[in-house]
K.L.:
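The following block contains the structure, expressed as structure tokens.
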Amino acid sequence: EITDLHQIELWDFSGLSDYNTEITPKRGDKSTTLKWFWEPAHYKKEIGDKMLNTLLGQWCQYEPSSEIGTKLSSGNIQRYLENERRKIQHWLNN
């Protein structure tokens with residue numbers, strides 16, 4: 001509602017996707033690296049570039065499968081949260 005009122009965009013990049021559900025290396029594995037993260041708090045440049053392209057509207061630079069993030073609004077937030085809850089439960093079960 002605040003974003004609607006002030007006509008600003010709000011994006012969520014935390015939704016479950018191939019970007020944030022990588023299988024982590026086993027404890028003690030010092031050679032396997034993750035594709036998108038350096039470590040739990042820092043993304044690699046490649047995913048940061050995808051996020052920036054989403055925010056700046058430059059989709060033509062990447063394949064459609066690289067879409068990341070969801071623009072939130074008062075009209076889609078409830079549906080988005082329900083879908084994310086379902087996706088998380090499915091992911092946890094599998």
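As the structure is a prediction and not an experimental result, all values here were calculated from the model. One-based numbering along the sequence shown. Note that these values count all heavy atoms, side chains included, but never hydrogens, waters or copies made by symmetry.
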K.L.:
Rounded to the nearest 0.5 Å, what separates atom CD1 in Ile47 from atom CG in Leu52?
P.N.:
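The CD1 atom of Ile47 sits 11.0 Å away from the CG atom of Leu52.
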
K.L.:
Hydrophobic clusters join Ile, Leu, Val, Met, Phe, Trp and Tyr when side-chain heavy atoms are under 4.5 Å apart, directly or via other members; which others share one with Trp91?
P.N.:
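For the cluster that includes Trp91, the remaining residues are Leu16, Ile88, Leu92.
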
K.L.:
What are the two closest non-hydrogen atoms of Asn76 and Lys71, and how far apart are they?
P.N.:
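Where Asn76 meets Lys71 most closely, the heavy atoms are ND2-O, 2.8 Å.
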
K.L.:
Taking Gly69's backbone N and O only, do any of them form a donor-acceptor pair with Asp12's side chain (distance below 3.5 Å, no angle check)?
P.N.:
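Checked: no pair found.
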
K.L.:
To the nearest 0.5 Å, tell me how far Lys50 NZ sits from Lys45 NZ.
P.N.:
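NZ of Lys45 is found 11.0 Å from NZ of Lys50.
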
K.L.:
Are Lys44 and Trp36 in a cation-pi contact, defined as NZ or CZ under 6.0 Å from the six-membered ring centre and within 45° of the axis?
P.N.:
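No cation-pi geometry.
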
K.L.:
With the side chain counted from C-beta on, respond yes when Tyr19 and Lys35 share a heavy-atom pair under 4.5 Å apart, and no when they do not.
P.N.:
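Result no, sub-4.5 Å side-chain heavy-atom pair not found.
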
K.L.:
Around Ile2, counting heavy atoms of other residues, nucleotides and ligands shown, do more than 12 lie under 6.0 Å from its CD1?
P.N.:
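Open.
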
K.L.:
Can you tell me how far apart OG (Ser17) and CD (Glu84) are? Round to the nearest 0.5 Å.
P.N.:
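That separation rounds to 8.5 Å.
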
K.L.:
Got a second to check how far Glu22's CD is from Thr24's OG1, nearest 0.5 Å?
P.N.:
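Going from CD on Glu22 over to OG1 on Thr24, the span is 9.5 Å.
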
K.L.:
For Asn20 and Ser14, which heavy atoms make the closest approach, and how far apart are they?
P.N.:
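Where Asn20 meets Ser14 most closely, the heavy atoms are ND2-O, 3.3 Å.
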
K.L.:
Decide, yes or no, whether a salt bridge links Glu82 with Arg85 under the criterion of side-chain N to carboxylate O below 4.0 Å.
P.N.:
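Answer for the salt bridge query: no.
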
K.L.:
Quick one: are Leu72 and Trp11 in side-chain contact, heavy atoms under 4.5 Å?
P.N.:
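With C-beta onward as the side chain, the pair stays apart.
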
K.L.:
Is it true that a side-chain atom of Asp29 and a backbone atom of Pro25 form a donor plus acceptor pair closer than 3.5 Å?
P.N.:
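Side chain of Asp29 to backbone of Pro25: no pair is present.
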
K.L.:
I'd like to know if the side chain of Asn83 pairs up with that of Arg86 as donor and acceptor (distance under 3.5 Å, no hydrogens or angles considered).
P.N.:
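Yes - a donor-acceptor pair under 3.5 Å links their side chains.
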
K.L.:
What about Leu55 and Tyr43, same hydrophobic cluster or not, with Ile/Leu/Val/Met/Phe/Trp/Tyr joined at side-chain heavy-atom distances under 4.5 Å?
P.N.:
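Same cluster: Leu55 reaches Tyr43 through Ile, Leu, Val, Met, Phe, Trp or Tyr contacts under 4.5 Å.
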
K.L.:
For a quick test of reading the model, state the closest non-hydrogen atom pair linking Leu10 to Thr3 and the distance between them.
P.N.:
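Minimum heavy-atom separation between Leu10 and Thr3: CB-CG2, 3.6 Å.
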
K.L.:
Start with the C-alpha gap between Asp4 and Ser74, add the side-chain angles, then the distance that decides, and say whether side-chain hydrogen bond (donor to acceptor under 3.5 Å, both in side chains) holds.
P.N.:
CA-CA 7 Å; Asp4 293 343; Ser74 58; 2.3 Å; yes

K.L.:
Which residues pass the ring pair (Phe, Tyr, Trp, His ring centres under 6.0 Å) test with Phe13, not counting sequence neighbours?
P.N.:
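Counting only residues at least two positions away or on another chain, Phe13 forms no ring pair (Phe, Tyr, Trp, His ring centres under 6.0 Å).
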
K.L.:
Would you give the length of the straight line joining atom CD of Glu1 to atom CD1 of Ile77, rounded to the nearest 0.5 angstrom?
P.N.:
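CD1 of Ile77 is found 10.5 Å from CD of Glu1.
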
K.L.:
For His90, what residues pass the side chain to side chain contact (heavy atoms under 4.5 Å, CB included) criterion, not counting sequence neighbours?
P.N.:
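With neighbours one apart ignored, the set is Asn94.
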
K.L.:
Is there a chain of hydrophobic side chains (I, L, V, M, F, W, Y, each step under 4.5 Å between heavy atoms) that links Tyr80 to Ile68?
P.N.:
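Tyr80 and Ile68: separate clusters.
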
